[in-house]
2 protein chains.
Amino acid sequence: MSYIPKNIEKVIEEFSKLPGIGPKSAERLTFYLLRKPDESIKNFGETVAKLKEGIRYCEICKNLTTEDICLICQNNNRDKTTICIVEDPLDLIALEKANEYKGVYHVLHGIIAPVEGVGPDELTIAELIERVKKGGIKEVIIALNPSMEGEATAAYIMRYIKPLDVKITRIARGIPVGGDLEYADSQTLKRALEGRMEY
Amino acid sequence: MSYIPKNIEKVIEEFSKLPGIGPKSAERLTFYLLRKPDESIKNFGETVAKLKEGIRYCEICKNLTTEDICLICQNNNRDKTTICIVEDPLDLIALEKANEYKGVYHVLHGIIAPVEGVGPDELTIAELIERVKKGGIKEVIIALNPSMEGEATAAYIMRYIKPLDVKITRIARGIPVGGDLEYADSQTLKRALEGRMEY
């Protein structure tokens, strides 16, 4: 590609490495940035470069934080007796945005996926079990994705937590709000029926 | 969003400013980067920050370059008597990839779009006319998108170039290769018929 300057070529290359961004999109994004003032481009780049600066895992819930303990675990208004287990911080963000849950979290940073070489030891499961063993936990809510790996991970976790005399629940599966019965797959419908509630 | 560190939040914000990237995608891209080694993240950021460094317009064709004159205009194997007019460098890249055109280019850096406040003076049309007036040009190929604005820009350019005794052509409109007659719109079919060629 001798017909475009190296700097531009390199940015296109970097963008194409991102998931869901093909070579055409990478070109479009790069040329979009090129039309922006120097200041915004610098700002974008430097912000990204600093992404991980000072970021670590919360000592309690393993969420990403810049302090020893994340803001959720620090918050005295949160119910520390309820732990919601999520796969990654994005799921935590999604739940927080729903503005319903008032307990604390435990971020696994992945799910058990033998095919991809992710076993229980790669996740924060040992820390979770330790946390529950310490006591003071009334309920553990499993909020993993309803996939094969999610189910397997849930089963693995339950095996260790069940004996600890803690209530274990999982978030409901069913028809999403705004969804259409007609287009729901049979597994979802089965779960929706199983999980039916009285009016 | 007190539940995620500021650095991360800022990167999500920067990504969401890009065209075609919504808040959910911005989150996903950011967390994808977070899982990468520090080195790759820094590299990504710094590459983007340097995007415009040393980039300027080619003195002849206005393509982006790091030298006074771009590599295409410098290339003695290119036919300097034929100029292909394109809207932006992305179109130039697309044409170069087709590996068919051996002439040189003129990059307008936009098209005439009165609604968006882009008039002929915002583009490099004056430089194009100057270039053709200087002589030595046999053919000008208009390779603008077949939109309303593209047609208007082509008409504007032709008004100035027609009197200069230069052959003016435009790239063919028709059914794209691999396209389906059945799904082509009537304007495209009309153009395809008009532009029919003998076997």
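This one's a predicted model, so the numbers in the text were calculated from it and none came from an experiment. Below, chains carry the letters A, B, ... as their sequence lines are ordered, and counting in each starts from 1.
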Does B:K167 NZ have over 12 foreign heavy atoms under 6.0 Å away?
no
Charged N-O contact under 4.0 Å between B:K50 and A:E46:
no
B:P37 versus chain A, the contacting section by heavy-atom distance below 4.5 Å
backbone
Quick check for you: among B:L51, B:N7, B:L92, B:V11, which has the greatest number of heavy-atom pairs under 4.5 Å with chain A?
B:L51
Most heavy-atom pairs under 4.5 angstrom with chain B, which of A:L64, A:N75, A:T66?
A:L64
For B:E27, does its backbone N or O pair with a side-chain atom of B:Y32 as donor and acceptor, under 3.5 Å?
no
Tell me, with the steps shown, if B:I83 and B:L128 meet side chain to side chain contact (heavy atoms under 4.5 Å, CB included).
CA-CA 9 Å; B:I83 298 177; B:L128 169 69; 4.3 Å; yes
What residue in A:E96, A:K10, A:K42 has the most heavy-atom pairs under 4.5 Å with chain B?
A:E96
Below 4.5 Å from any heavy atom of chain B, which atoms of A:S25 appear? Answer side chain, backbone, both or neither.
neither
Identify which part of A:D38 has an atom lying under 4.5 Å from any heavy atom of chain B, answering side chain, backbone, both or neither.
both
Given 3.5 Å as the limit, does a donor-acceptor pair link the side chain of A:R159 with the main chain of A:Y156, or not?
no
Contacting moiety of B:Y105, where chain A heavy atoms sit under 4.5 Å:
neither
Counting only heavy atoms closer than 4.5 Å, note whether A:L34 contacts chain B via side chain, backbone, both or neither.
both
Can you tell which part of A:F44 gets under 4.5 Å to a heavy atom of chain B, answering side chain, backbone, both or neither?
both
Under 4.5 Å to a heavy atom of chain B? For A:K36 that would be backbone
Answer yes or no: is there a donor N or O on one side and an acceptor on the other, between the side chain of A:R196 and the main chain of A:L193, under 3.5 Å?
yes
Run the salt bridge (charged side-chain N to carboxylate O under 4.0 Å, His left out) test on B:E87 and B:K62 for me, step by step, so that the C-alpha distance in whole Å, both residues' side-chain angles and the decisive distance to 0.1 Å come before the verdict.
CA-CA 11 Å; B:E87 183 181 329; B:K62 312 299 166 192; over 6 Å; no
Per-residue tally against chain A (heavy atom, under 4.5 Å) across B:L90, B:N43, B:L33 peaks at B:L90
More than 12 heavy atoms of other residues, nucleotides or ligands under 6.0 Å from NZ of A:K102: yes or no?
yes
